[in-house]
Amino acid sequence: MSETVAKAPGVLEKSGDANRWKALVFIALAQLMVVLDATIVNIALPSAQVDLGISDGNRQWVVTAYALAFGGLLLFGGRIADLWGRKRAFVVGLVGFAGASALGGAATNEAMMFGARALQGVFGALLAPAALSLLAVMFTDAKERAKAFGIYGAIAGGGGAVGFILGGVLTEYMDWRWTFFVNIPFAIVAAAGAYFVIREPEGGRNRNPLDIPGVLLSTLGLVALVYGFTRAESDGWGDSMTVGMFVASAVLLLAFVVTEAKVKAPLLPLRVVTDRNRGGVYLSLGIAIIAMFGTFLFLTYYLQIVKGYTPIKTGFAFMPMIVGMMVGSTQIGTRLMTRVPARMLMGPGFLVAAAGMLLMTQLEIGSSYNSTILPAMLLLGLGMGTAFMPAMSLATLGVEPRDAGVASAMVNTSQQVGGAIGTALLNTIAASATTSYIADHIGSATSRSQQQLVQLEGMVHGYTNAIWFAVGMLVLAAVIVVTFVNAGRPDGTTVASSEEGAEDEVRVPVVAH
């Protein structure tokens with residue numbers, strides 16, 4: 001395919017500003033903070049619940065308030081980044097997230113805690129798409145983009161596991177409040193660094209007026225969807241409110257799609273998601289996250305309740321997965337992304353992760369960590385790291401500069417919705433299998449110790465049943481990649497944006513078909 005090379009005035013021969021690698025440090029730090037926060041609070045929740053007098057019925061709102069605000073406002077946050085400029089949105093998001101974290105750490109009652117978590121979600125929804133879209137517009141040379149997204153992908157995938165370690169250390173040796181306060185230095189350093197180092201490329205902003213109907217419909221639709229899955233986990237799939245949330249979500253999101261097809265300046269231009277490569281990435285990532293988030297939860301319970309690990313030991317038990325992700329993302333993905341098509345990394349990556357999951361289906365009460373869990377985690381991390389890296393890059397590759405924010409927000413949205421679905425769906429499968437196992441076997445247990453053993457066996461049986469489902473999800477993600485993603489390897493050439501309505505020339509890697 002032949003393309004005309006465009007060299008915009010003042011643009012470096014490689015890609016963007018000379019400080020872009022320094023900028024990557026601060027972007028990565030901010031991403032780590034957001035990803036850490038998703039798991040670090042879970043470790044601290046039991047202690048915070050006791051201190052603040054939060055009831056068992058209300059404790060889920062510590063997690064749900066954040067998930068609803070974050071998941072519901074991601075598209076809006078991405079659009080604001082396109083309107084304000086990614087650097088400004090990034091810095092504002094960091095400062096706001098730090099303030100909300102300070103409020104959470106200083107909480108004196110449950111209302112203050114829930115409000116702080118919701119605020120964290122609001123500013124996280126501004127910060128996350130701004131961070132990813134900054135990478136998309138600053139790193140456009142194929143090889144540089146591969147390295148930058150390798151680092152970002154490793155953090156996005158492995159940061160959650162790091163949260164278990166940090167959460168365990170802070171909760172056990174200091175106080176649960178430090179799981180909030182720890183965000184403040186992260187945010188201050190990242191915001192200061194971003195302010196002085198990041199130089200966002202000129203042009204490419206989307207200065208069209210906000211699509212208010214689109215904002216309202218997408219926010220309400222996504223909130224209803226995330227809340228529906230959250231409620232399904234606690235109240236069951238047949239609960240009238242759960243069903244009502246799903247119906248409302250379907251109606252609102254359908255109305256959103258119809259609106260976006262008609263308005264002049266849509267919140268989410270349909271060209272962003274109808275591109276077969278980006279659409280395939282969003283869908284496969286969401287499905288893979290369903291498998292991953294549910295497994296995080298089961299392994300945490302298995303290690304702490306069945307194996308008797310402390311929170312810190314549990315956190316360190318996740319280290320092989322982090323190592324695998326780092327290797328998969330920064331070594332395999334980065335080195336091969338400019339040499340082979342993305343589907344040749346993503347498809348096999350998801351299948352390697354599925355092989356790791358398959359090992360976990362063999363879990364029993366007496367399973368050895370070294371022979372079963374460690375190799376399973378290594379394979380899971382290696383596979384997901386290899387798949388995540390090209391997925392993050394391809395999700396924003398070739399998109400118009402003015403759409404970079406919403407394209408990035410779609411990556412986060414697919415992950416957030418996938419996480420909500422995974423936690424609720426896999427928990428339901430596990431709980432149902434556990435209940436059936438205990439009902440079938442408890443009659444033969446005559447002593448109290450035998451009954452306790454049956455309950456533990458039932459718990460592990462439930463986990464392995466749900467993990468089988470996760471294996472299927474990862475295989476499905478691989479099939480979607482092979483079916484939809486047809487982009488060839490980027491060859492490092494720079495081209496002018498040819499899409500109608502582009503405001504500026506943009507230097508992007510050509511994809512050779």
Side-chain angles (χ1 to χ4, degrees), residues 64-84 89 93 96 118-130 132-133 205-232 239-275 278-279 281-283 285-287 289-290 395-396 399-400 402-421 424 501:
T64 305
Y66 178 84
L68 292 183
F70 187 71
L73 292 170
L74 272 167
L75 282 177
F76 183 47
R79 175 67 180 85
I80 290 294
D82 287 335
L83 178 66
W84 286 359
L119 270 178
Q120 279 187 314
V122 169
F123 287 106
L126 181 63
L127 174 60
L132 183 54
S133 58
R205 283 198 199 176
N206 188 340
R207 301 182 188 276
N208 288 315
L210 278 176
D211 167 24
I212 300 301
V215 169
L216 293 174
L217 289 169
S218 67
T219 301
L220 293 173
L222 287 170
V223 164
L225 183 64
V226 174
Y227 185 54
F229 280 109
T230 303
R231 192 174 174 89
D239 176 68
S240 57
M241 179 63 84
T242 302
V243 174
M245 284 293 110
F246 286 136
V247 171
S249 173
V251 171
L252 288 164
L253 292 177
L254 181 61
F256 172 66
V257 172
V258 172
T259 302
E260 299 309 274
K262 291 182 177 180
V263 298
K264 185 178 179 181
L267 172 69
L268 175 63
L270 295 183
R271 61 180 174 268
V272 172
V273 290
T274 52
D275 174 270
R278 285 193 291 271
V281 166
Y282 298 147
L283 187 57
L285 265 186
I287 289 172
I289 292 291
I290 290 175
T396 53
V399 76
E400 292 185 28
R402 60 179 180 166
D403 295 335
V406 289
S408 301
M410 276 301 300
V411 178
N412 291 285
T413 301
S414 66
Q415 290 178 310
Q416 184 67 20
V417 172
I421 295 171

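No experiment lies behind these values; they were computed from the predicted model shown.
With values rounded to the nearest 0.5 angstrom, L83 atom CG is found 5.5 Å from L210 atom CG. Note that OH of Y282 is 15.5 Å distant from CD1 of I287, once rounded to the nearest 0.5 Å. One finds the CG atom of L68 at 10.0 Å from the CG atom of L73 (value rounded to the nearest 0.5 Å). Rounded to the nearest 0.5 angstrom, F76 CZ and D211 CG are separated by 10.5 Å. Taken to the nearest 0.5 Å, the OG atom of S414 stands 9.5 Å off from the CG atom of L74. Put simply, CG on L119 and OH on Y66 are 12.0 Å apart, with the number rounded to the nearest 0.5 Å.
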In a table with atom names and distances, give each donor-acceptor pair under 3.5 Å that connects a side chain of residues 244-260 to protein atoms at least two apart or in another chain.
from: S249; atom 1: OG; to: G221; atom 2: O; distance (Å): 3.1
from: T259; atom 1: OG1; to: A255; atom 2: O; distance (Å): 2.7
from: E260; atom 1: OE1; to: L267; atom 2: N; distance (Å): 2.7
from: E260; atom 1: OE1; to: L268; atom 2: N; distance (Å): 2.8

Handout entry: Chi angles and distances behind the side chain to side chain contact (heavy atoms under 4.5 Å, CB included) call for F123, L127
Key = CA-CA 6 Å; F123 287 106; L127 174 60; 6.0 Å; no

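The two residues I289 and G418 have their closest heavy-atom pair at CG2-C, 3.8 Å. A125 and A69 get closest at one heavy-atom pair: CB-O, 4.3 Å. Closest approach of G124 and P129 over heavy atoms only: O-CD, 4.2 Å. Minimum heavy-atom separation, A395 to A407: O-CB, 4.1 Å.
Side-chain atoms of S218 come within 3.5 Å of backbone N or O of V215 as a donor-acceptor pair.
Applying the ring-ring contact (aromatic ring centres under 6.0 Å, His included) rule to pairs touching residues 206-227 yields W61-Y227, sequence neighbours excluded.
Between R278 and V273 there is no side-chain heavy-atom pair separated by less than 4.5 Å. A heavy-atom distance below 4.5 Å is found between the side chains of P269 and V406.
A salt bridge links D403 with R271: the closest approach of a Lys/Arg side-chain nitrogen to an acidic carboxylate oxygen falls below 4.0 angstrom.
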